[in-house]
Amino acid sequence: MRIEPQDQAVLDHVAARGDAIVQRAIDWSDINSGSRHAEGLAQVLDVLDATARAAFGAAATVERVPTQGSTTVADSGAVIAESYADCLKITARPEAPLQVVLTGHYDTVFPVDSAFQSVVTRDDGALNGPGIADMKGGISVMLAALEAFETHPDKARVGWTVLLSPDEEIGSPASAPLLAELGGRGHVGLTYEPALSDGTLAGERKGSGNFHLIVTGKAAHAGRAFHEGANAVAGAAIIAARLHGLNGQREGVTVNVAKIAGGGPLNVVADNAVVRFNVRVPDAQSATWIDETVRALAAEPPFPGLTLDLHGGMTRAPKPMDASQTALFHAVRDAGDLLGQTIAWKPSGGVCEGNNLHAAGLPNVDTLGVVGGEIHSDQEFAWPASFVERAQLSALILCKIASGEIDALKLKQLRLETM
């Protein structure tokens with residue numbers, strides 16, 4: 001591959017808009033959009049909708065797509081129905097022979113009452129703010145790359161669909177069906193989680209599952225009638241220990257008991273508790289093993305008088321470096337070389353929408369966002385220079401898909417052969 005004159009024009013388009021690409025990400029990050037903050041999510045959705053319509057005009061269709069509801073388990077053990085904000089979907093040339101799916105999320109992990117609410121510039125020049133890396137910066141990079149690609153003379157060969165979701169940070173319970181549908185019909189996927197602090201991409205990813213086990217016992221006076229009760233908190237603690245004991249039983253599988261909720265006054269035998277835990281697995285066989293093992297544990301109360309009710313399950317399948325992923329990453333590395341960007345990758349225990357897309361049959365690179373770090377903390381940061389660099393990388397990838405130098409059809413076929 002080499003950078004052709006028409007490619008260079010696309011890259012120049014990105015470079016000329018560098019300050020604006022950074023500034024809009026700062027503006028978006030200054031609006032709290034924690035996954036449970038409905039008003040903030042609605043405000044960011046309005047801004048992104050307006051940005052997309054201004055950027056693409058009649059060249060793309062911009063629509064809000066309703067998401068499915070789900071249930072969650074309260075600390076009391078009650079099962080509660082939940083609703084979610086809309087996804088934003090942007091579509092250009094759905095009839096084109098090559099289809100690229102670009103995804104991102106506009107929610108963050110920071111709740112409305114978080115002390116971390118705005119972006120500042122550190123002494124070393126890095127931007128420090130909620131969502132500036134994960135992933136409002138990534139969304140700005142994505143849109144900048146697409147805006148530039150729309151000036152390329154071969155754009156007609158490539159159609160693209162953007163899906164921006166409101167729930168990635170809580171496991172994509174609402175957007176998962178939309179991701180699966182797009183993954184099934186696309187050829188290549190590009191997702192905009194931040195790269196690591198040195199620019200390295202995430203390669204293979206583990207799979208993940210979230211579980212909530214409701215433990216119901218029998219209340220009784222702790223002094224007068226202790227033996228008439230059944231202590232749900234004690235049962236939950238025993239189960240938590242059993243779950244923790246699964247660590248080390250199968251290579252690469254981890255079980256993290258994150259929280260035990262329940263109980264009440266000290267003189268009452270607790271009649272309710274909830275055990276919340278996350279599992280990570282390296283492959284499909286391990287996912288089946290841990291799911292079956294967890295369900296077996298949840299079928300056996302640790303002592304009489306308790307009932308157990310398991311909710312949740314595997315939410316994201318593992319994403320191995322199969323033949324399609326390997327070929328795609330090598331193509332991205334080659335594009336990076338043309339730009340003077342060193343592209344490397346390594347395994348990650350984290351999960352994201354790239355897991356969902358891969359499970360649906362879409363080869364994808366899911367850390368094409370800005371270079372930064374310390375995400376999910378008040379130290380989250382992004383390097384301003386990486387906005388243009390990463391937008392140019394994505395823009396060049398799109399150019400090379402259009403030219404056929406990155407063979408999107410072959411990548412898709414390789415993925416289908418491993419399913």
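Fair warning: this is a prediction, and the values are worked out from it, not measured in the lab.
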Presence of salt bridge, [Y] and [X], under 4.0 angstrom:
X: D30; Y: K136; result: no
X: D366; Y: K319; result: yes
X: R93; Y: E95; result: no

Checking the side chain of [X] only, and the main-chain atoms of [Y] only, is there a donor and an acceptor separated by less than 3.5 Å?
X: D154; Y: K400; result: no
X: Q117; Y: N32; result: no
X: T71; Y: V79; result: no
X: N355; Y: K206; result: yes
X: K412; Y: G361; result: yes
X: R185; Y: Q99; result: no
X: R316; Y: C352; result: yes
X: T151; Y: A148; result: yes
X: R390; Y: V141; result: no
X: S386; Y: V371; result: yes

Q. Among K155, R17, R24, which residue meets the salt bridge (charged side-chain N to carboxylate O under 4.0 Å, His left out) test with E147?
A.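 When K155, R17, R24 are each tested with E147, the salt bridge (charged side-chain N to carboxylate O under 4.0 Å, His left out) holds only for R24.
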Q: Could you tell me which non-hydrogen atom of A52 sits nearest to which non-hydrogen atom of I90, and how far apart they are?
A: CB-CD1, 3.6 Å
Does the side chain of [X] pick up a donor-acceptor pair with the side chain of [Y] at under 3.5 Å?
X: D167; Y: S175; result: yes
X: D309; Y: H311; result: yes
X: N272; Y: S76; result: no

Between [Y] and [X], is there a side-chain heavy-atom distance shorter than 4.5 Å?
X: L190; Y: M142; answer: no
X: H187; Y: L411; answer: no
X: T315; Y: P173; answer: no
X: P302; Y: R242; answer: yes
X: I375; Y: P194; answer: yes
X: L102; Y: Y192; answer: yes
X: E168; Y: E193; answer: yes
X: L213; Y: L243; answer: no

Do any pairs count as a ring pair (Phe, Tyr, Trp, His ring centres under 6.0 Å) and have a residue in [range], sequence neighbours left out, and if so which ones?
range: residues 94-122; result: F110-F116
range: residues 23-65; result: F56-W160
range: residues 341-362; result: F329-W345, H330-W345

Q: For T103 and E353, run side-chain hydrogen bond (donor to acceptor under 3.5 Å, both in side chains): C-alpha distance rounded to whole Å, both residues' side-chain angles, the deciding distance at 0.1 Å, then the answer.
A: CA-CA 7 Å; T103 73; E353 292 171 344; 3.0 Å; yes
Q) What orientation do F149 and H152 show, parallel under 30°, tilted 30 to 60°, or perpendicular over 60°? A)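 Parallel.
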Q. Taking only residues two or more places apart in sequence or in another chain, which ones pass ring-ring contact (aromatic ring centres under 6.0 Å, His included) with Y84?
A. none
Atom [atom1] of [X] and atom [atom2] of [Y]: how far apart are they, to the nearest 0.5 Å?
X: I3; Y: M1; atom1: CD1; atom2: CE; result: 9.5 Å
X: I170; Y: N210; atom1: CD1; atom2: CG; result: 10.0 Å
X: D334; Y: L339; atom1: CG; atom2: CG; result: 11.5 Å

Q | N247: side-chain contact (heavy atoms from CB on, under 4.5 Å) partners, not counting sequence neighbours | A | H244, T254, V255
Q: For T288, enumerate each residue passing the side-chain contact (heavy atoms from CB on, under 4.5 Å) test, keeping only those at least two apart in sequence or located in another chain.
A: E292
Q. Do other residues, nucleotides or ligands put more than 12 heavy atoms under 6.0 Å from D19 CG?
A. no
